[in-house]
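Report on the structure given below.
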Amino acid sequence: MLNSPLGKYTTSNSFLHRLDPRFKIFALIILMTSIFLEYASRLMDFTYYGFMFCLILILMKIAHIRIKSLFNMMKPMAFMIVFILIINLCVVKTGNPINIFQLTIYSDAIFNTLYTFLRLLLMLALSLILTSTTKPMDLTYALEWYLHPLKFIKIPVHIIAMIISLALRFIPTLLEETEKIMKAQASRGVDFENGSLKEKMRAIISLIIPLFFSSIQRSLELADAMEVRGYDPNAKRTRYRINRFTRVDLIALPIVLILFSCAFLLMYFKINFYL
Amino acid sequence: MAITFENVYYQYKNEDKNYSLNDITFDLEGHFFAGVIGETGSGKSTLIQHINALLRPSKGLVKIDDFTVQVQNKKKLKKIKELRKKVGVVFQFPEYQLFEDTVLKDVAFGPKNFNVSKEDAIKKAKKALKMVGIDESYYEKSPFELSGGERRKVAIAGIIAIEPEILVLDEPCAGLDPKSSSEMMELFLNLYNQGLSLIMVSHNMDIVLKYCTKCLVLNRGKLLYNLKPTEFFYNEMYLNTAKINEPNLLYYVKMALKKNYKLDVNNIKDISSFILELKRCKNA
């Protein structure tokens, strides 16, 4: 329950780990776009998803990410998928009607749900690869780089980047804190799992208020600690590690571009199977 | 009142092969004030969380009177609640668990969770607050406007108000000034004299020597010794094996022993008992 929803960084020196984080973000966006393109036929769509899924499995193998973490990530999705299926079944009235126990179900409802499920699955898997092969800090630096143009309209990009990196840094701390407070309240007789809605509300309140209090206190302390060490938000920042576009990126860039172009051409010219 | 650990192993999920608790077996019976000591990371906190089933052993079993906590033992909730009523745990820095809008309400929160009526809960809360030395002028204050030390007292009152039979304390004096710290210890001694059994994790060996009747020494997840504090602390070999720093008092006791005082170390628990013992030797 207290695991972070997106994957944690895993230390390794794989091909994917060595890629420039800026490139990895670019590739993520490109590949996600290709998932959301609409191809000539349903069969074509599913073929492409299947291909992407195989690609993702290969990438996960290369990056030493365990397949299990993908399943763990999907568990919380189950409820949402069921919900979407029910909504679809009620709303969608196109496609072939199928009769089950006096209920008429339309095939499109099921396909729509399947689409949502597959797209979400692929998207989450891609982001899992990104987050488990890139350090959060590198990720924020890359984001900062992409937000660079905003500087010209006087948006303080480096401050935003600092805020993001601090927020990322404190996610594990916050989770630890949550666990500690949950345990403390559990020994005061709070039950976080069972009970009526009212009892659950009280349980959550007993967790959230101390959490807020300690977070605010911690952020004040952090601000002091940063100021004591001479942090000036407006100063120009330098950093220890600089992202460089290296040979590995040069190899990976054309692969991603070709893949996307193929996907784009498939969509644009409505290429289909001719059976 | 009896706590029994039988070959308890515990393993945090992400660690491979490393047991946080490794074959722990002991029992505590009757009326006790047990100290749990050991280096950082030796499994003290993991151990005490087993006593009210916040953690369940990976192997082995824990018995608290007639409650048994086992691997994946999906007992009905009511029973766990009964266990948590019996064993109150005060975590490290408990001041962070306060959340109600007034001190009195926060202390009454615990008993109310254990199905005590509102009036009785308030009564118990007032009694507990009186014990820890928080007077009536604080009752309607917000816990967040109090000082750190006062907040800790309120948090501890929140557990005492549940009226557990065993009180488990994880470093109750960490970060307190010496005066509050000794006030705190006097409070626990008072509770002990009223019939409560206590288990306390501490890094302050002088406190363990002075107050505890039993002393569980942990090292890397293993239980090395389960002895009386005097038996443990006055044995150089034990201290070295457990990598525990001697209490400050020991320095002076050793000096006196060097000067051929025939001290009975079993009687020396703190400075006053040390002086009594010195006097007795001089007279003899």
Side-chain angles (χ1 to χ4, degrees), chain A residues 1-4 7-11 64-66 68-69 71-72 75 132 170-221, chain B residues 12-14 45 48-49 51-55 74 76-78 80-101 105-116 121 142-145 148 151 155-162 164 166-170:
Chain A
M1 175 179 176
L2 292 174
N3 288 326
S4 98
K8 266 186 203 153
Y9 177 75
T10 45
T11 326
H64 307 294
I65 305 168
R66 271 183 287 174
K68 221 180 107 190
S69 50
F71 284 113
N72 287 343
K75 266 185 217 149
S132 32
F170 278 100
I171 289 175
T173 317
L174 214 59
L175 288 176
E176 220 169 81
E177 189 85 21
T178 311
E179 205 179 312
K180 247 170 62 185
I181 295 172
M182 275 175 92
K183 277 183 178 168
Q185 304 298 27
S187 21
R188 290 215 276 169
V190 177
D191 186 353
F192 287 98
E193 276 148 26
N194 307 303
S196 66
L197 191 67
K198 203 181 153 200
E199 282 171 322
K200 269 202 171 148
M201 287 282 285
R202 269 197 90 58
I204 300 263
I205 287 172
S206 77
L207 172 66
I208 284 183
I209 292 177
L211 207 54
F212 260 106
F213 180 72
S214 66
S215 309
I216 290 169
Q217 207 160 43
R218 182 171 290 130
S219 62
L220 289 175
E221 277 163 18
Chain B
Y12 283 100
K13 268 175 199 141
N14 42 9
S45 296
I48 59 167
Q49 285 178 47
I51 303 174
N52 74 343
L54 282 172
L55 294 178
K74 296 250 162 156
K76 274 182 192 163
L77 174 99
K78 224 180 161 187
I80 277 202
K81 248 190 163 168
E82 276 171 43
L83 175 62
R84 293 200 174 141
K85 159 93 182 67
K86 194 185 270 262
V87 183
V89 179
V90 178
F91 281 94
Q92 215 175 343
F93 301 109
E95 50 271 34
Y96 287 107
Q97 72 196 37
L98 304 176
F99 74 98
E100 289 274 17
D101 43 358
K105 265 193 190 170
D106 201 286
V107 177
F109 176 71
K112 260 193 275 175
N113 280 327
F114 291 106
N115 306 325
V116 172
S142 158
F144 298 108
E145 19 174 316
R151 280 218 301 277
I156 290 175
I159 302 291
I160 293 175
I162 298 170
I166 304 172
L167 187 61
V168 181
L169 306 152
D170 194 349

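Labels below follow one simple rule: chain letters A, B, ... track the order of the sequence lines, proteins then strands, and each chain is numbered from 1.
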Taking atom [atom1] of [X] as the centre, report whether more than 12 heavy atoms of other residues, nucleotides or ligands fall under 6.0 Å from it.
X        : atom1 : value
A:Arg66  : CZ    : no
A:Phe212 : CZ    : no
B:Glu145 : CD    : yes
B:Lys86  : NZ    : yes

**Prompt:** With only heavy atoms counted, which part of B:Glu100 is less than 4.5 Å from chain A, the side chain, the backbone, both or neither?
**Reply:**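 Side chain only.
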**Asked** Looking at B:Phe109 and A:Ser206, what are the two nearest heavy atoms and their distance?
**Response**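 Closest approach of B:Phe109 to A:Ser206: CZ-CB, 4.2 Å.
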**Prompt:** With sequence neighbours excluded, what pairs up with A:Thr173 under the side-chain hydrogen bond (donor to acceptor under 3.5 Å, both in side chains) test?
**Reply:**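 With neighbours one apart ignored, the set is A:Arg169.
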**Message:** Can you tell me which portion of A:Ile205 sits under 4.5 Å from chain B's heavy atoms? Options are side chain, backbone, both or neither.
**Reply:**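 A:Ile205 touches chain B through backbone and side-chain heavy atoms alike.
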**Message:** Is A:Glu199 close to chain B through its backbone or its side chain, or both, or neither, when contacts mean heavy atoms under 4.5 Å?
**Reply:**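 Answer is neither: A:Glu199 stays 4.5 Å or more from chain B.
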**Request:** Applying side-chain contact (heavy atoms from CB on, under 4.5 Å), run through A:Phe213 and B:Leu98 and close with a yes or a no.
**Result:** CA-CA 9 Å; A:Phe213 180 72; B:Leu98 304 176; over 6 Å; no
**Request:** Before giving the answer on side-chain contact (heavy atoms from CB on, under 4.5 Å), spell out for B:Phe91 and A:Lys183 the whole-Å C-alpha distance, their side-chain angles and the decisive distance to 0.1 Å.
**Result:** CA-CA 9 Å; B:Phe91 281 94; A:Lys183 277 183 178 168; 3.9 Å; yes
**Request:** Would you indicate whether the side-chain heavy atoms of A:Gln217 and B:Tyr96 approach each other to under 4.5 Å?
**Result:**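 A side-chain contact exists here, since the closest heavy-atom pair is under 4.5 Å.
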**B:Arg84 and A:Asp191 ion-paired at < 4.0 Å** =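 So B:Arg84 does not pair with A:Asp191 through a salt bridge.
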**CG-CZ distance between B:Asn113 and A:Arg188, expressed to the nearest 0.5 angstrom** =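 Interatomic distance, B:Asn113 CG to A:Arg188 CZ, rounded to 0.5 Å: 8.0 Å.
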**Message:** To the closest 0.5 Å, what do you measure between CG (A:Leu207) and CZ (B:Phe99)?
**Reply:**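 Output value for this atom pair is 10.0 Å.
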**Message:** I'd like to know if the side chain of A:Gln185 reaches the main chain of B:Gln97, judged simply by a donor and an acceptor atom lying under 3.5 Å from each other, with no hydrogens or angles considered.
**Reply:**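 Yes, the answer is positive, given that a donor and an acceptor are paired below the 3.5 Å cut-off.
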